[in-house]
Chemist: 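Pasting in a structure now, in structure tokens, and then I'll have a few things to ask.
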Amino acid sequence: MDKREQLYEGKAKKVFKTSEPGLFWLEYKDDATAFNGAKRAQITGKGVLNNEISSIFLSLLKEKGIDNHFVKRISDREQVVREVQIIPLEVVTRNIAAGSLAKRLGWEEGTRLSRPVVEWYYKDDELGDPMINDDHIAALELATVKELAQIKETSLKVNDILKEYLAARNLILVDFKLEFGKTAEGHLLLADEISPDTCRFWDATTMEKLDKDRFRRDLGNVEDAYQEILRRLGGEAHV
Ligand code: TMP
Ligand code: ASP
């Protein structure tokens, strides 16, 4: 299979066509952005680490019955995935109040939620990814009621699987963001990446932040934190 023309360049990845219909080629970049692109930097090795970490999570989910776009990791920075059209929805699932939820409800960061909370954000850079509700999603025709129910059910299952897997590695899954897409046949599929860019991971003993909050909040040692996540997942650090 060959890499063909670039279809899209996002903030953290590039998407290419391949010589095989139905398959895309992803390239993970070292670029880091926060606050809707207002803060930018290069984090050496981030693309390599996120490619490997995301491959581990997506393979695990596949093994546990959560079908997703991942096919295989083909190099340090590259992955082959199934072709989907991404639904412009960021699906955030939370176990512990942090970030925008802590701010919105005035809760102290670290407050455990009595049950997981799923939130929808409209993926639109110009609007700054506003939070929306089920009715907005229906009115915008982003997903049907049935698809949305399926997305929520899958997100909660992913939460259960990852929470348990990470707890065994002394990590707390505070919250995470998923994206879903549709295949040419209209089949809904979990897509995008699952990495320290898109999740909050805290060390269960020290509560140290081991994710992109180190970049967002200028805490330093960003790459070390991503390396530590990969180490606990049993991956090899190639960087
Ligand atoms: P938030 O607390 O800033 O709303 O973030 C919730 C989760 O979503 C957190 O794990 C980080 C992730 N996230 C993204 O993956 N992309 C984004 O653009 C934002 C704002 C958050
Ligand atoms: N993806 C966000 C951005 O647009 C950053 C974040 O994860 O907070 O820059």
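Position 1 is the first residue of the sequence, and the numbers go up from there. All ligand and atom numbering here is 1-based and tracks the order in the structure.
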Chemist: Take V158 and T93, measure what side chain to side chain contact (heavy atoms under 4.5 Å, CB included) needs, and give me the verdict at the end.
Modeler: CA-CA 9 Å; V158 168; T93 303; over 6 Å; no

Chemist: For ligand 1, note which part of V174 has a heavy atom under 4.0 Å away: side chain, backbone, both or neither.
Modeler: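 The answer is neither; V174 stays 4.0 Å or more away.
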
Chemist: Where's the contact between D175 and ligand 1, heavy-atom distance under 4.0 Å: side chain, backbone, both or neither?
Modeler: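 The answer is both.
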
Chemist: For E164, look at atom CD and say whether over 12 heavy atoms of other residues, nucleotides or ligands are found less than 6.0 Å away.
Modeler: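 No, because the 6.0 Å sphere around CD of E164 holds 12 heavy atoms or fewer from other groups.
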
Chemist: Is it the side chain (CB and beyond), the backbone, both or neither of E119 that lies under 4.0 Å from ligand 1, heavy atoms counted?
Modeler: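 No part of E119 is near ligand 1 at this cut-off.
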
Chemist: Taking the six-membered ring of F215 (Phe, Tyr or Trp), confirm whether the NZ or CZ of K39 is under 6.0 Å from its centre and within 45° of its axis.
Modeler: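 Yes, K39 and F215 form such a contact.
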
Chemist: Which atoms of ligand 1 have any heavy atom of G99 under 4.0 Å away?
Modeler: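 Per the distance check, 2 (O).
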
Chemist: Taking 4.0 angstrom as the limit and counting only heavy atoms of A34, give me the atoms of ligand 2 inside it, by number and element.
Modeler: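 That gives atoms 5 (C), 9 (O) of ligand 2.
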
Chemist: Answer yes if a protein heavy atom lies under 4.0 Å from atom 17 (C) of ligand 1, otherwise answer no.
Modeler: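 At least one protein heavy atom is under 4.0 Å away.
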
Chemist: Distance to 0.1 Å, residue and atom name: give those for the protein heavy atom nearest to atom 15 (O) of ligand 1.
Modeler: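 I find the closest protein heavy atom is K177 CE, 3.0 Å.
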
Chemist: Against ligand 1, does D211 come closer than 4.0 Å with any heavy atom?
Modeler: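 The answer is no: ligand 1 sits nowhere under 4.0 Å from a heavy atom of D211.
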
Chemist: Are S100 and R94 close enough that a side-chain donor and a side-chain acceptor fall under 3.5 Å?
Modeler: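 R94 and S100 do have a side-chain donor-acceptor pair below 3.5 Å.
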
Chemist: Which part of C199 is near ligand 1, with near meaning a heavy atom under 4.0 Å away: side chain, backbone, both or neither?
Modeler: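 The part of C199 near ligand 1 is the backbone, not the side chain.
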
Chemist: Any idea which heavy atoms bring S54 and D192 closest together, and the distance?
Modeler: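 Reported closest heavy-atom pair: OG-O, 4.4 Å.
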
Chemist: Test of understanding: given a 4.0 Å heavy-atom threshold, classify the contact between K212 and ligand 1 as side chain, backbone, both, or neither.
Modeler: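 For K212, there is no contact with ligand 1 at all, from either part.
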
Chemist: Can you report which non-hydrogen protein atom sits closest to atom 4 (O) of ligand 1, along with the distance?
Modeler: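 Here the nearest protein heavy atom works out to S100 OG, 2.6 Å.
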
Chemist: Which of the atoms in ligand 1, numbered in the order shown and given with their element, are less than 4.0 Å from a heavy-atom of D197?
Modeler: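 By the 4.0 Å cutoff, the relevant atoms are 15 (O).
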
Chemist: Could you measure the distance from the CH2 atom of W202 to the CG atom of D213? Nearest 0.5 Å is fine.
Modeler: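 Between W202 CH2 and D213 CG, I get 8.5 Å after rounding to 0.5 Å.
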
Chemist: Of the backbone atoms (N, CA, C, O) and the side-chain heavy atoms from C-beta on, which set of R216 has a member under 4.0 Å from an atom of ligand 2: side chain, backbone, both, or neither?
Modeler: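 Side chain only; the backbone of R216 stays clear of ligand 2.
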
Chemist: Check ligand 2 against N36 and write out every atom of the ligand that is under 4.0 Å from a heavy-atom position of the residue.
Modeler: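 Reading through ligand 2 atom by atom, the close ones are 3 (C), 4 (O), 9 (O).
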
Chemist: For F176, take its heavy atoms, then give the atoms of ligand 1 lying under 4.0 Å from any of them.
Modeler: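 Selected atoms, number and element: 10 (O).
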
Chemist: Tell me the protein heavy atom at minimum distance from atom 4 (O) of ligand 2, and give that distance in Å.
Modeler: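 Ranking protein heavy atoms by distance from atom 4 (O) of ligand 2, first comes K11 NZ, 2.5 Å.
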
Chemist: Knowing that exactly one of N221, D197, D211 qualifies, which makes a side chain to side chain donor-acceptor pair (under 3.5 Å) with Y226?
Modeler: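 With Y226 as partner, N221, D197, D211 yield a single side chain to side chain donor-acceptor pair (under 3.5 Å), made by D197.
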
Chemist: Please determine which of E193, E179, E78 meets the salt bridge (charged side-chain N to carboxylate O under 4.0 Å, His left out) test together with K13.
Modeler: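 Single salt bridge (charged side-chain N to carboxylate O under 4.0 Å, His left out) partner of K13 among E193, E179, E78: E193.
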
Chemist: Considering non-hydrogen atoms of the protein only, which is the closest contact for atom 3 (O) of ligand 1, and what is the distance?
Modeler: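 Going by distance alone, atom 3 (O) of ligand 1 is nearest to R200 NH2, 3.7 Å.
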
Chemist: Within the 4.0 Å heavy-atom shell around G37, which atoms of ligand 2 are there?
Modeler: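 So the atoms of ligand 2 that pass are 3 (C), 4 (O), 9 (O).
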
Chemist: Is it the case that atom CD in Q85 sees more than 12 heavy atoms from other parts of the structure closer than 6.0 Å?
Modeler: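 At most 12 heavy atoms, drawn from other residues, nucleotides or ligands, come within 6.0 Å of this atom.
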
Chemist: Before giving the answer on side chain to side chain contact (heavy atoms under 4.5 Å, CB included), spell out for R169 and R231 the whole-Å C-alpha distance, their side-chain angles and the decisive distance to 0.1 Å.
Modeler: CA-CA 10 Å; R169 288 151 182 85; R231 195 187 66 73; over 6 Å; no

Chemist: Please work out whether any backbone atom (N, CA, C, O) or any side-chain heavy atom from C-beta onward of R216 is under 4.0 Å from ligand 1, and answer side chain, backbone, both or neither.
Modeler: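 The part of R216 near ligand 1 is the side chain, not the backbone.
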
Chemist: Do the side-chain N and O atoms of N159 and N95 include a donor-acceptor pair separated by under 3.5 angstrom?
Modeler: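 Yes, because at least one side-chain N or O of N159 sits under 3.5 Å from a partner of the opposite role on N95.
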
Chemist: List the steps, then state whether salt bridge (charged side-chain N to carboxylate O under 4.0 Å, His left out) holds for D31 with K46.
Modeler: CA-CA 8 Å; D31 300 339; K46 180 174 83 78; over 6 Å; no

Chemist: Which heavy atom of the protein is the closest neighbour of atom 19 (C) of ligand 1, given with residue, atom name and distance?
Modeler: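 Answer for atom 19 (C) of ligand 1: E90 OE1, 4.3 Å.
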
Chemist: Could you report the tightest heavy-atom contact between A98 and V174, atom names first, then the distance?
Modeler: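 Heavy atoms only, the tightest pair is CB-CG1, 3.8 Å.
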
Chemist: Which residue and non-hydrogen atom of the protein lie closest to atom 9 (O) of ligand 2, and at what distance in Å?
Modeler: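 Answer, as residue, atom name and distance: T33 OG1, 2.7 Å.
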
